[in-house]
Amino acid sequence: MSEPVSQARRALNQTPADRIVGGVATILARSYGITDVELYQVDYRLSHLLPLTEGDPITGPGHPAWRSFDHQSPLLVDGVGWFPVSMRGERRGVLRLAPVPDDPTVLGELDEIATALAHELAAVSAGTDVYSTARRSQRLTLAAEMQWDLLPGRSRIRPSFSLAGQLEPAYAVRGDSFDWSDDGQRLWLSTVNGSGEGVAASLLTSLATHALRNARRAGLSLADQAALADQALYDLYRGEQHLSALLMELDLRSGLMTVVDAGSPRLVLLRDGEVTEQPLEAQFPLGMFEATDYHEQTFTLERGDRLFVVSDGVLEATGQDIRYGETALDRFLRRTGPMEPLDAVRSLIGDLRAFVAGDLVDDAVVVCLDWTGPQA
């Protein structure tokens with residue numbers, strides 16, 4: 001590791017949480033002569049790159065900032081460098097630096113510093129509102145604030161899989177959500193198709209998510225995780241409130257997928273360019289009845305398979321009195337083959353918003369999972 005990179009890492013670790021960009025800017029100026037430093041964070045809708053301090057949002061897809069963000073690689077244009085600020089697949093935005101010399105060694109070091117910045121942002125964001133506030137282009141509803149704080153992230157990459165999810169309407173989502181965790185041998189993924197309005201919907205989803213996490217962390221089977229969450233919801237709401245969920249557990253050594261369908265969103269498989277709905281055993285939604293007995297089913301993924309989970313808010317999105325529907329969804333999913341999961345999710349949400357000419361009325365959740373093969 002070069003000395004400037006080491007100094008930048010120390011600055012990131014030692015600077016107060018609200019000033020880490022300024023802290024690393026001091027090192028960049030001293031080591032590389034860089035005088036212009038700005039962090040652009042991607043907003044909740046994945047449609048704007050918003051500056052941390054000053055300047056205009058970047059929205060045009062052809063802009064160098066978006067090209068760096070989309071391709072996850074440094075880009076140098078007329079002495080201005082754009083560097084992806086990402087960690088473990090979680091894309092937070094891009095770092096703009098100027099002037100930057102056309103030197104591969106320098107570009108590599110600056111790219112490493114941008115990655116270190118991403119790790120530090122993840123570490124400090126729980127203790128300061130500076131970065132969360134700067135990445136919103138409009139005010140979040142209270143329910144949406146609760147939902148976004150509940151998420152584990154928006155994308156994740158390991159050698160055996162790539163994963164991404166998105167909520168819409170991003171600034172006013174109510175009950176739809178997703179959650180994931182992995183331990184190197186297994187990946188757990190849950191997608192919730194919530195019910196209700198406003199804060200009541202987000203509270204219902206939050207209880208279900210925390211119940212599922214509690215059961216997962218206790219080492220319970222997928223069926224028992226569903227049963228525990230089901231009972232937690234029923235104990236509080238006595239069946240008057242319930243929600244649909246899809247629980248999945250992927251064995252990263254074999255590709256074996258275990259599933260519990262609790263009145264779930266739609267699960268779609270994209271294999272060799274063909275789109276098919278994965279047949280699931282429909283079971284009762286979580287919290288509908290007391291002491292529901294849930295059953296697991298399994299199927300095996302093949303290398304290169306892509307799974308989409310979509311809630312009914314996607315299929316039922318309506319524009320000019322026409323539903324988006326399964327035909328349009330299948331046609332669009334087929335076109336996502338070359339895209340990374342986050343790009344596929346963002347493109348589908350963008351297509352929906354164009355279809356309805358604005359924000360969706362109903363909540364929608366989209367999750368994309370790529371299985372790239374057993375992990376060594």
Side-chain angles (χ1 to χ4, degrees), residues 1-42 49-56 58 60-125 130-131 134-135 153-160 162 164 338-343 372 375-376:
M1 184 185 301
S2 69
E3 183 59 27
V5 173
S6 297
Q7 292 176 0
R9 286 183 177 274
R10 286 196 295 272
L12 288 169
N13 291 331
Q14 297 171 4
T15 305
D18 60 304
R19 299 202 297 270
I20 57 175
V21 176
V24 78
T26 301
I27 304 301
L28 294 174
R30 182 191 311 152
S31 301
Y32 302 101
I34 291 171
T35 56
D36 182 5
V37 178
E38 181 61 282
L39 170 65
Y40 284 81
Q41 297 180 101
V42 68
L49 287 168
L50 302 175
L52 180 63
T53 56
E54 59 184 21
D56 297 324
I58 300 174
H63 193 282
W66 277 113
R67 287 156 55 195
S68 176
F69 181 87
D70 290 338
H71 297 290
Q72 287 295 283
S73 61
L75 188 63
L76 183 61
V77 179
D78 297 330
V80 179
W82 301 91
F83 300 85
V85 179
S86 306
M87 44 86 70
R88 296 189 176 93
E90 178 70 14
R91 304 187 199 176
R92 303 189 71 95
V94 293
L95 188 64
R96 186 194 70 198
L97 305 175
V100 174
D102 190 2
D103 181 330
T105 299
V106 172
L107 291 175
E109 292 177 352
L110 296 177
D111 190 33
E112 189 174 348
I113 291 171
T115 299
L117 173 61
H119 282 271
E120 196 63 25
L121 287 170
V124 305
S125 289
V130 168
Y131 308 104
R135 71 183 186 95
R154 198 148 46 182
S155 51
R156 182 87 167 94
I157 295 176
R158 286 196 70 131
S160 55
S162 297
M339 302 179 187
E340 294 295 322
L342 184 63
D343 300 323
T372 51
Q375 182 171 327

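Numbers here simply count residues along the sequence, with the first being 1.
- Note that CD of Glu112 and CE of Met1 are 5.0 Å apart. Values are rounded to the nearest 0.5 Å.
- Residues Val42 and Arg135 are not in side-chain contact: their nearest non-hydrogen atoms beyond the backbone lie 4.5 Å or more apart.
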task: May I have the step-by-step check of side chain to side chain contact (heavy atoms under 4.5 Å, CB included) for Trp82 and Ile58, ending in yes or no?
output: CA-CA 13 Å; Trp82 301 91; Ile58 300 174; 4.0 Å; yes
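- With rounding to the nearest 0.5 Å, the separation of CD in Glu54 from CD in Glu38 is 7.0 Å.
- Each side chain to side chain donor-acceptor pair (under 3.5 Å) pair with one or both residues in residues 91-100, not counting sequence neighbours, appears once here: Asp36-Arg96, Tyr40-Arg96, Arg91-Asp343, Arg92-Ser125.
- Of the inter-residue distances, the one linking Thr115 atom OG1 with Arg88 atom CZ reads 11.5 Å to the nearest 0.5 angstrom.
- Expressed to the nearest 0.5 Å, how far CG of Leu97 lies from OH of Tyr32 amounts to 10.0 Å.
- Remark: Ser86 OG to Leu121 CG distance equals 10.5 Å, nearest 0.5 Å.
- Side chain of Glu90 to backbone of Arg154: a donor-acceptor contact under 3.5 angstrom is found.
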- prompt: Is there a side chain to side chain contact (heavy atoms under 4.5 Å, CB included) between Leu75 and Val94 once you walk through the steps?
  reply: CA-CA 10 Å; Leu75 188 63; Val94 293; over 6 Å; no
Return a table of donor-acceptor pairs under 3.5 angstrom between the side chains of residues 17-30 and protein atoms on other chains or two or more places apart.
unit_1: Thr26; atom_1: OG1; unit_2: Gly22; atom_2: O; d: 3.3

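- For Ser155, there are no side chain to side chain donor-acceptor pair (under 3.5 Å) partners, not counting sequence neighbours.
- The line from CG of Leu76 to CG of Asp103 is 10.5 Å long, rounded to the nearest 0.5 Å.
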